[in-house]
Amino acid sequence: MQDTVTTSALLDPSHSSVSTQDKSSTGGHTSSTSPQLSKPSITPVPAKSRNPHPRANICRMRRIIAEDPEWSLAIVPLLTELCIQHIIRNFQKNPILKQMLPEHQQKVLNHLSPDLPLAVTANLIDNENYWLRCCMHRWPVCHVAHHGGSWKRMFFERHLENLLKHFIPGTTDPAVILDLLPLCRNYVRRVHVDQFLPPVQLPAQLRPGDQSDSGSEGEMEEPTVDHYQLGDLVAGLSHLEELDLVYDVKDCGMNFEWNLFLFTYRDCLSLAAAIKACHTLKIFKLTRSKVDDDKARIIIRSLLDHPVLEELDLSQNLIGDRGARGAAKLLSHSRLRVLNLANNQVRAPGAQSLAHALAHNTNLISLNLRLNCIEDEGGQALAHALQTNKCLTTLHLGGNELSEPTATLLSQVLAINTTLTSINLSCNHIGLDGGKQLLEGMSDNKTLLEFDLRLSDVAQESEYLIGQALYANQEAARQRALNPSHFMSTITANGPENSVG
């Protein structure tokens, strides 16, 4: 405490003055003739300064008094920081990034605006954190796993999809999409468009000379409803691997008309030409677009002998037996591994065509015919094909009016087929006897892992015992996955014919 008072006395003259006066009042005084050492004289502070203005206190405490009361001895920013701030402010006019050190690049990228023109950032910035900020800025929900785990790829794919979904033929300038292609062609692998808008329909006009003498209406010009033609787009995307399209209109409200949902003949021809020329396409999906047999055959014809196509999805359309025959031909002239014709109008003749192709096919691993009407005639044909097929692993025949005859043949397939791992017969009429037949086939099967028999009139006991057999197969598969070396040694010792699975 004594040191504090002493220090205050050195800094505050008024404190020293008070102390001197206190000494005089207690009897001690200082004389010029006193034998003690002389002390420096201190000018007393007027009494009114005992309670000075707050600003006056600040002035007495500071060594440097500036004109600005907010002035401080803050350090001036480094020249490097000033340069980085300048680059950030002028990045759109003068983008400088690659010439900088990595730590300086990171500082610039962390502060760049996500609204910069793509012409500036597309081929210059590869940093994933920057594109993450761009995605989160535009879309509240982002599933980067659907885009290969790349935020940059996700941004360009979703940006392109948004332009396509809002493109209005005859109104929107095609350059909006074509100008984007040089910027995104190296990053777009997948295009998923679930809406194609038709042209704006103006009031129909009478053709010249069609007005009758009686004043009745002449022949009206039919408005065109063709959608955006994808030829130039697909040709410009050099790395396109998946094309997922739905010719539909969302949120049409009171403007609903059936022709809004029409996949026209010209749309079909243009799309067929586009996918035929795309030699990198691996997955093609055209669903919920009212594709009938004629249009399906046009699409399938363009995919014959395609070099890399692996998956074709034409589900939820109007495809019948003629379209199914076209798909069967495609199985023999492609490397197709997944075929989905669910929720169409395929009947027994179409299923027989597919079965004939399946019997000799060596590539297809998944066939989905759910929600058709192939009945027992088609189901038995497919069962016969599976007795010789050695590649199909997944078969979905749910909701196809199947019954006991199909179940009987499938039980024979289960006893000899070693490649099927998943079968779905739900929503059929398998019946009690059919369930017993399937249970008998499962007793000799060691590879099937999934068997869906819901709503198929199978007895509860049969369903339970089939479930137990499936569990045993799943456990054996898990053990094989954990100890592959032990499994291979067992095959070598016992021979492949005595091995499990």
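Quantities reported herein were computed from a predicted structural model and do not represent experimental measurements.
- Of the possible donor and acceptor atoms, none in the side chain of E450 sits under 3.5 Å from a partner among the backbone N and O of L448.
- A pairwise comparison of heavy atoms in S353 and R325 identifies OG-CG, 3.1 Å as the closest pair.
- Remark: side-chain polar atoms of S289 are not paired, donor with acceptor, to backbone N or O of V291 under 3.5 angstrom.
- The residues E161 and R158 are annotated as not salt-bridged, no charged nitrogen and carboxylate oxygen being separated by less than 4.0 angstrom.
- When all heavy atoms of K295 and Y265 are compared, the closest pair comes out as CE-N, 4.3 Å.
- Judged purely by atom type and a 3.5 angstrom limit, N368 uses its side chain to pair as donor or acceptor with the backbone of R370.
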task = Using the side-chain contact (heavy atoms from CB on, under 4.5 Å) rule, take I365 and T394 through it: C-alpha gap first, then chi angles, then the decisive distance, then the call.
result = CA-CA 6 Å; I365 62 174; T394 303; over 6 Å; no
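- Across every non-hydrogen atom of L309 and E311, the tightest pair is CD1-O, 3.7 Å.
- Proximity of a side-chain donor or acceptor of N424 to a complementary backbone N or O of S426 within less than 3.5 Å is detected.
- Taking CG of L243 as the start and CG of L230 as the end, the distance is 6.5 Å to the nearest 0.5 Å.
- Contact check on R322 versus D294 returns a salt bridge, with a Lys/Arg side-chain nitrogen under 4.0 Å from an Asp/Glu carboxylate oxygen.
- Between the CG atom in D194 and the NZ atom in K165 there is a gap of 4.5 Å [rounded to 0.5 Å].
- Taking the six-membered ring where the residue is Trp, F256 and F261 present tilted rings, their angle falling between 30° and 60°.
- Between the side chain of Q437 and the main chain of S411, no donor-acceptor pair closer than 3.5 Å is present.
- Ring geometry for Y247 versus F196: interplanar angle under 30°, hence parallel rather than tilted (30 to 60°).
- Expressed to the nearest 0.5 Å, how far CG of L439 lies from CD of E463 amounts to 11.0 Å.
- Distance alone, capped at 3.5 Å, places no donor-acceptor pair between the D457 side chain and the G431 backbone.
- When every heavy atom of N473 is checked against every heavy atom of K446, the shortest pair comes out as OD1-CA, 3.5 Å.
- Ring to ring, H360 and H356 are close: their centroids are under 6.0 angstrom apart.
- When atom types are taken as modelled, the side chain of N428 and the backbone of N400 share a donor-acceptor pair closer than 3.5 angstrom.
- Put simply, the side chain of S270 never gets that close to the backbone of D267: no donor and acceptor are under 3.5 Å apart.
- When atom types are taken as modelled, the side chain of N361 and the backbone of L392 share no donor-acceptor pair closer than 3.5 angstrom.
- The structure places CG of L438 at 10.0 Å from OG1 of T406, a figure rounded to the nearest 0.5 Å.
- With values rounded to the nearest 0.5 angstrom, S334 atom OG is found 12.0 Å from K329 atom NZ.
- Side-chain atoms of N372 come within 3.5 Å of backbone N or O of L341 as a donor-acceptor pair.
- With values rounded to the nearest 0.5 angstrom, L262 atom CG is found 8.5 Å from D226 atom CG.
- When all heavy atoms of Y130 and L109 are compared, the pair lying nearest together is CD1-O, 4.1 Å.
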